[in-house]
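Quantities reported herein were computed from a predicted structural model and do not represent experimental measurements. Note that ligands are numbered from 1 as they come in the structure, with each ligand's atoms numbered from 1 the same way. Numbering starts at 1 and runs along the sequence shown.
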Amino acid sequence: MEEEIQRLIACARDGRERAVAPYSGFRVGAAVETEDGSVFTGCNVENATYGLTVCAERVAIWKALSEGAGGFRRLVVVADTEELTPPCGPCRQIIWEFCGDIEITMANLDGKSETVRTSELLPRAFDRRFLKT
Ligand code: THU
C-alpha cells in the first residue's frame, strides 16, 4: 500500500514538471490510479483569461475518462508547499462525482504527505442522488 502511494506520488511529481503556470507560478501535479493499476497524470494548465484555468486533479481525471478509464481508487496531488495543498472546492466536487469516496494523498516536494478521504474534504456532498430524474 505505502509502495503504491509512493509510486503514485512519483507520477504526480512527474506530472507537475509539465505544469503550465506562467501566471501564478504555482505548479501542481496530480495522478489518479484505477482499480486495475493504470495511472493517469495531470498538471495545472493556465491561460490568459485566468478563469479558464484547469487544476491538475481535473486534468488527470479528464485524461483518464477520455481514455475510457474509470473505477478510481486513489488520487495524489503534489505542490511545493510546506502546508500540504488540498484539492480546491470544484475539484472536490468532481472527485466525488467521478471517483467517489477514495483515498486522496496530498504531498509536497520534501517528502511530507497525508492521506484523507473525499468525504472528509467534502462532507454532505451534492450529487446525483438529489436529482429526481
Ligand atoms: N491548482 C491546482 O492545480 N490544484 C489545486 O488543488 C489547487 C490549485 C492550481 C490552479 C492554478 O493554476 C494554480 O494552482 C493557482 O491557483
*For the pair Thr115 and Thr105, evaluate side-chain hydrogen bond (donor to acceptor under 3.5 Å, both in side chains) and give the outcome as yes or no after the intermediate values.*
CA-CA 4 Å; Thr115 299; Thr105 298; 2.7 Å; yes
*Considering Cys55, Ala30, Ala56, which one's heavy-atom position lies nearest to atom 8 (C) of ligand 1?*
Cys55
*With the threshold set at 4.0 Å, does a side-chain nitrogen-carboxylate oxygen contact exist between Arg74 and Glu4?*
yes
*Protein contact to atom 11 (C) of ligand 1 [nearest heavy atom, distance to 0.1 Å]*: Glu46 OE2, 3.3 Å
*For Glu17, does its backbone N or O pair with a side-chain atom of Asp14 as donor and acceptor, under 3.5 Å?*
no
*asked:* Just to confirm my output: which protein heavy-atom neighbour is closest to atom 14 (O) of ligand 1, and how far is it?
replied: Phe26 CD2, 3.3 Å
*Element-labelled atoms of ligand 1 that are located less than 4.0 Å from some non-hydrogen atom of Glu57*: 2 (C), 3 (O), 4 (N), 5 (C), 6 (O)
*Are side-chain heavy atoms of Ile61 and Ile94 found at a separation under 4.5 Å?*
yes
*Using the ring pair (Phe, Tyr, Trp, His ring centres under 6.0 Å) rule, collect all pairs that involve residues 4-50, keeping only residues at least two apart or in two chains.*
Tyr23-Tyr50
*asked:* Check this for me - ligand 1, Asn44, N or O atoms closer than 3.5 angstrom, yes or no?
replied: yes
_NZ/NE/NH1/NH2 to OD/OE distance under 4.0 Å, Lys112 and Asp110_ = no
*Evaluate the 4.0 Å heavy atom contact test for atom 1 (N) of ligand 1: does a protein atom fall under the cut-off?*
yes
_Is there a polar contact between ligand 1 and Thr85, counting only N or O atoms under 3.5 Å apart?_
no
_Thr53 versus ligand 1: do any nitrogen or oxygen atoms come within less than 3.5 Å of each other?_
no
*Quick one: do Glu33 and Arg7 make a salt bridge, cutoff under 4.0 Å?*
yes
*Quick one: which ligand 1 atoms are inside 4.0 Å of a heavy atom on Cys88?*
6 (O)
*Report the C-alpha separation of Val20 and Asn44 in whole Å, then their side-chain angles, then the decisive distance to 0.1 Å, and conclude whether the side-chain contact (heavy atoms from CB on, under 4.5 Å) test is met.*
CA-CA 6 Å; Val20 182; Asn44 52 331; over 6 Å; no
_Show the atoms of ligand 1 that are less than 4.0 angstrom away from any heavy atom in Val28._
1 (N), 2 (C), 3 (O), 4 (N), 9 (C), 14 (O)
*Give the numbers and elements of all ligand 1 atoms closer than 4.0 Å to a heavy atom of Pro87.*
6 (O)
*asked:* Can you confirm, on distance only, whether ligand 1 has an N/O atom lying under 3.5 Å from any N/O atom belonging to Pro86?
replied: yes
